[in-house]
Amino acid sequence: MPELPDVEYFRIYLDATSLHKTIDTVDVRAPRILEEVTEAQLRSVLAGRSFQSTRRHGKYVCVEIDAGAEKWLVMHFGMTGRLAYFKDIGDDPKHGRLLIGFENGYFLAFVNQRKFGHIAVAGSPEAFAEAKGLGPDALSIGREDFVARLGKRRGSAKTTLMNQKVLAGIGNIYADEILFQTGVHPKTPVNALDEDMRERLHSVMEDVLHTAIAVMRRHEDFPESFLIPQRHEGGVCPLDGTPLETLELSGRKAYFCPEHQSHEGT
DNA sequence: AGTACCACCTGACGGC
DNA sequence: TGCCGTCAGGTGGTAC
């Protein structure tokens, strides 16, 4: 699930549930999700502290632990995941991999069925993004920077949009949506797109991400003009009902409209 | 630089 | 009902 809009929703959810509450307990149920931090270290970083604020960079949620302490909890959800805030420990969600207990008796769970997610501790969101080599966040990057970062890349439009080192936050679903709305075929090499088309990609990307955040990732709530509700076997182009086609790019499935997404991207 | 392929995990779903 | 292959919105490493 989690691409930028989903992760933004998790961030807002954490803000609404878990700020400014003293942390009592830290229960790591799947140690393999911890990245370069031990369970004991995580516990000592969190116990007795409280979450102060949140940030998001691409698909990562960063949570500030105490003000000005230069300690941030960083979460990535992999392909499956969410946060769950609940009161009774008997109601703990299935696949809760990290449970943080607060003094008010409530818990925040990092839910991650496939364990592809990660939990890390960093000095700051910027330091973490730098260490990971992440590009700028897809919702923060300006038009000129976006156009410049696409540069003269020869890779396909889709894999480039999904490359977290180019820009952070776009995954398989939203890459398909952005390319559909700009009329660009997923395999079009980036260096075949003229400047106008790159600028359009940027503005469509912003619109798509903002819309997705607004509908809180419920596919059925997307506008009918979007590809996403049709992104399944038998789906058709929302413009004129042309059956969608699929292709594989590095093992990821791309859905696209053969009528409205030309190779040239013009 | 770009792409393909595998690995990491778990569960849902369709076919037989 | 049960088994099996396939697929799922991510990322990192390797090999070419």
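These values consider heavy atoms only, across backbone and side chains, with no hydrogens, waters or symmetry-generated copies. Protein chains get the first letters and strands the later ones, always in sequence-line order, with residue 1 at the start of each.
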Counting any heavy atom closer than 4.0 Å, what does Thr159(A) reach on the DNA or RNA strands: base, sugar-phosphate only, or nothing? sugar-phosphate

Minimal non-hydrogen separation, Val184(A) against Gln261(A), with atom names: O-NE2, 2.8 Å

Is the distance from OP1 or OP2 of dA8(C) to the nearest side-chain N or O of His232(A) less than 4.0 Å? no

What's Gly251(A) touching, base or sugar-phosphate or nothing? Going by heavy atoms closer than 4.0 Å. nothing

Once you apply a heavy-atom cut-off of 4.0 Å, does Lys165(A) come out as touching a base, just sugar-phosphate, or nothing? nothing

Calculate the interatomic distance between Ile228(A) atom CD1 and dG9(C) atom C1'; express it in whole Å. 9 Å

With a cut-off of less than 4.0 Å, is there a side-chain N or O of Lys132(A) near OP1 or OP2 of dT11(C)? no

Would you say a side-chain N or O of Arg153(A) is under 4.0 Å from OP1 or OP2 of dA1(B)? no

Which whole-number value in Å describes the distance from Arg149(A) CZ to dA1(B) P? 13 Å

Which pair of heavy atoms, one from Ile170(A) and one from Gln164(A), lies closest together, and at what distance? O-NE2, 2.9 Å

Between Asp137(A) and Arg55(A) (salt bridge meaning N to carboxylate O under 4.0 Å), is one present in this structure? no

Give the dot-bracket string for DNA chain C, reading 5' to 3', where a pair is Watson-Crick or G-U wobble with both distances under 3.5 Å, ( ) marks pairs inside the strand, [ ] marks pairs crossing earlier ones, | marks a partner on another strand, and . marks unpaired. .|||||||.|||||||

Compare the minimum distances between each of dG11(B), dG2(B), dA8(C) and the side chain of Met79(A), then state the nucleotide with the smallest one. dA8(C)

To the nearest Å, how far apart are Phe128(A) CZ and dT11(C) C1'? 12 Å

If only side-chain N and O atoms of Ser250(A) are considered, is one of them under 4.0 Å from the OP1 or OP2 phosphate oxygen of dT3(B)? no

Spatial distance of atom CG (Asp194(A)) from atom CD (Glu199(A)) [nearest 0.5 Å]: 9.0 Å

Separation of dA1(B) P from Leu150(A) CG (nearest whole Å): 15 Å

Centroid distance below 5.5 Å plus an interplanar angle below 30 degrees: do Phe116(A) and dC8(B) meet both conditions? yes

Contacts of Gln164(A) and Arg114(A) projected onto DNA chain C by closest heavy atom; the upstream (5') one is Arg114(A)

Nearest to the side chain of Asn172(A), heavy atoms from C-beta on, is which of dG9(C), dG11(B), dG2(B)? dG9(C)

Whole angstrom is fine here: how far is it from CG in Asn112(A) over to P in dC8(B)? 17 Å

Least distance between heavy atoms, Ala120(A) atom then Phe128(A) atom: CB-CE1, 4.1 Å

Quick one: Leu249(A) CG to dA4(B) P, roughly how many Å, whole number? 7 Å

Tell me yes or no: between the side chains of Arg11(A) and Thr54(A), is some donor less than 3.5 Å from an acceptor? yes

When the distance from NE2 of His76(A) to C1' of dG12(C) is rounded to whole Å, what number comes out? 11 Å

State which of dG9(C), dT10(B), dT3(B) makes the closest approach to the side chain of Asp6(A). dG9(C)

For dG9(C) and Arg231(A) - does any side-chain N or O of the residue sit under 4.0 Å from the phosphate oxygens OP1/OP2? yes

How far apart are the closest heavy atoms of Trp72(A) and Ser124(A), and which atoms are they? CD1-CA, 3.6 Å

Fit a plane to each ring of Phe102(A) and Tyr85(A), take the angle between them on a 0 to 90° scale, and name the class: parallel (under 30°), tilted (30 to 60°) or perpendicular (over 60°). tilted

I want to check one thing: is the phosphate of dT11(C), taken as OP1 and OP2, less than 4.0 Å away from some side-chain N or O of His118(A)? no

Choose from dA8(C), dT10(B), dG12(C) the nucleotide whose nearest atom is closest to any side-chain atom of Gln113(A). dT10(B)

For dT10(B), does either OP1 or OP2 sit under 4.0 Å from a side-chain N or O belonging to Lys115(A)? yes

Expressed as a whole number of angstroms, how long is the span from Leu167(A):CG to dT11(C):C1'? 16 Å

Aromatic ring pairing His202(A)/Phe146(A), orientation class (parallel under 30°, perpendicular over 60°, tilted between): tilted

